[in-house]
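Taking it in order: structure first as structure tokens, then the write-up.
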Protein chains: 2
Amino acid sequence: MKPERQAHNVAPTPLLVAVDAVVFGYEAQRGVSLLLVQRRYGPHAGAWALPGGFVRPEESLEAAVSRELEEETGVKISYLEQLYTFGAPERDPRQRVISVSYFVLVRPDALRVQADTDAADAAWFALEALPSLAFDHGEIVATAVERLRNKLTYEPIGFELLEETFTLTELQALYESLLRRPIDRRNFQKKIRSLDILEELPETRKSPGSGRPARLYRFQRARYFELQARGQLFEVWI
Amino acid sequence: MKPERQAHNVAPTPLLVAVDAVVFGYEAQRGVSLLLVQRRYGPHAGAWALPGGFVRPEESLEAAVSRELEEETGVKISYLEQLYTFGAPERDPRQRVISVSYFVLVRPDALRVQADTDAADAAWFALEALPSLAFDHGEIVATAVERLRNKLTYEPIGFELLEETFTLTELQALYESLLRRPIDRRNFQKKIRSLDILEELPETRKSPGSGRPARLYRFQRARYFELQARGQLFEVWI
DNA sequence: ACAAAAGTGTTCACAATACACCCATGC
DNA sequence: GCATGGGTGTATTGTGAACACTTTTGT
């Protein structure tokens, strides 16, 4: 069977390319939340979906994500990385659409800007109580949640979901929420401290109610990249 | 600043979508090799590039990879997974092309079919002696090599690069070649055996030259998936 | 003084590492 | 019988896991 070289005989067909963002936020009370938008037009009108839209010819994929997130929700990105590209022929009933999905983390203030923005159709949903989603967005979210849980244990992305300064108890609560199991406080603090990527601040933060105030920390991003370049790994099994 | 909802005012522009495959093969003598094709037309004509081509409207991304690999090189895929989507606006000088790249492993027989196939412009290159590549394919390869090295330590993909049956020494040599460091034979065998995913065959294989024949093993894929479903991890640090 | 949350150190179990001798075959 | 590669066990070390009391603050 002789291989064909059809690429040069038939002009290739351009396809619609979209970006979709799985945006995670975190708050102590509600745990991890997901940012969704309500569709106004087209198929699945009225259903909740991931924020996103079509890529323009002159912009990079990341620029398209930033633009769409800004337009639709107004949130400020703390961390962004590509997740996966979904391209099943039937994923959009109208026509073929390739979706490059992105994994986004935002800080807690993003969960409160909701009322400020014009995007009345954007809302946060607790990860445990998501509505059913348009298209294959449920599958995209499942992929993103898995990535978040895995990544948390070997890269310092938890910090991107907290305020710039945080207590170790807050950090631990985030880990416990995402990994869905309790962690021993002594072991957690020993492990985190041994990583040597946190700056201990002179200030403390009062606990809600009474109790001893907790020391505040800041993630030393530059220090982390330096250690990483020298081959040190992150590794928070716990 | 009021968010715009331009998506419904301006028709989205379709873009060219390609798939590119980073195909790894392995042989004891040459180590890990990469399958490349020589470009005949268009920009970078004469340069070596990753096998790949444009996605057709009715086929899935994976189907496009299989088809292009079959057409251009005739190799049979042993393992395939999506790698990353490269979409910088200037990555193709002619026009905007989004490339969804795939990570492919093939068994050693694929390294020998080269002469059989019509694709006279397909060739294997040792990973340590790659030519400079067309477009951003060098970047794609770098991403794939990193993925291969990481994945080798926490998923059983090494087996996909060997014959169906193999000796532990062969498996160890593959690990040493990819991880670029010697591994203690006793510790390696202890670790691999403890994973309980290999079937010990009654046959042995004669070593090249003299020496005691080595026992042959086969990867028990079903057993691995079963263990994985029960939560056991793979984890070959070594 | 008591309730609430923060901070801290030691013991134990297991897994990774280092390491050397005997076995089966070809010549 | 010797050269070549294959197969195996143990002692040591390091790391993760389990575990409870003291300190600081508010009321």
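Letters go in sequence order (proteins before strands), and every chain restarts at 1. Only heavy atoms go into these numbers, but all of them, side chains included; no hydrogens, no water, no symmetry mates.
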Exercise. For B:Tyr102, enumerate each residue passing the ring pair (Phe, Tyr, Trp, His ring centres under 6.0 Å) test, keeping only those at least two apart in sequence or located in another chain.
Key: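 By the ring pair (Phe, Tyr, Trp, His ring centres under 6.0 Å) rule, B:Tyr102 matches no residue at all.
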Which nucleotide, [options], lies nearest any side-chain atom of [X]?
| X | options | answer |
| --- | --- | --- |
| B:Arg185 | D:dG9, C:dT8, C:dA20 | C:dA20 |
| A:Asp184 | D:dG5, C:dA20, D:dC19 | D:dC19 |
| A:Arg186 | D:dT24, C:dT8, D:dT8 | C:dT8 |

Atom [atom1] of [X] and atom [atom2] of [N]: how far apart are they, to the nearest Å?
| X | N | atom1 | atom2 | value |
| --- | --- | --- | --- | --- |
| A:Asn187 | C:dG7 | CG | C1' | 14 Å |
| A:Arg205 | C:dA4 | CZ | P | 22 Å |
| A:Glu203 | D:dT25 | CD | C1' | 18 Å |
| B:Arg181 | C:dA16 | CZ | C1' | 12 Å |
| B:Phe188 | C:dC19 | CZ | C1' | 18 Å |
| A:Gln189 | C:dA5 | CD | P | 15 Å |
| B:Leu233 | C:dA15 | CG | P | 13 Å |
| B:Glu200 | D:dG6 | CD | P | 15 Å |

For [N] and [X] - does any side-chain N or O of the residue sit under 4.0 Å from the phosphate oxygens OP1/OP2?
| X | N | value |
| --- | --- | --- |
| A:Lys191 | D:dG16 | yes |
| A:Ser210 | C:dA5 | no |
| B:Arg193 | D:dT8 | yes |

Practice problem: Salt-bridge test for B:Arg205 and B:Glu163: reply yes if a basic N is under 4.0 Å from a carboxylate O, no otherwise. | Solution: no
Exercise. Give a yes or no on whether a salt bridge exists between A:Arg147 and A:Glu81, defined as a side-chain N under 4.0 angstrom from a carboxylate O.
Key: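 A salt bridge is present here (some side-chain N lies under 4.0 Å from a carboxylate O).
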Quiz item: Can you say whether the rings of B:Phe103 and B:Tyr79 are parallel (under 30°), tilted (30 to 60°) or perpendicular (over 60°)?
Solution: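 Ring orientation, 0 to 90° scale: perpendicular.
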Quiz item: For the base of D:dG7, is there a side-chain donor-acceptor partner from B:Arg215 under 3.5 Å away?
Solution: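 It does not, because no donor-acceptor pair links the side chain of B:Arg215 to the base of D:dG7 below 3.5 Å.
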Practice problem: Between A:Glu235 and A:Arg212, just flag the one whose closest nucleotide in DNA chain D comes earlier from the 5' side. | Solution: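 Result of the comparison: A:Glu235.
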Self-check item: DNA chain C: 5'-proximal contact among A:Lys190 and A:Leu216 (nearest heavy atom)
Solution: A:Leu216
Self-check item: Earlier contact from the 5' end, DNA chain C, for B:Thr204 and B:Trp237
Solution: B:Trp237
Exercise. Report which part of the nucleic acid B:Thr169 touches: base, sugar-phosphate, or nothing (heavy-atom distance under 4.0 Å, all strands).
Key: sugar-phosphate
Practice problem: Check A:Phe86 against A:Asp136 and note the closest heavy-atom contact, atom names and distance. | Solution: CB-OD2, 3.8 Å
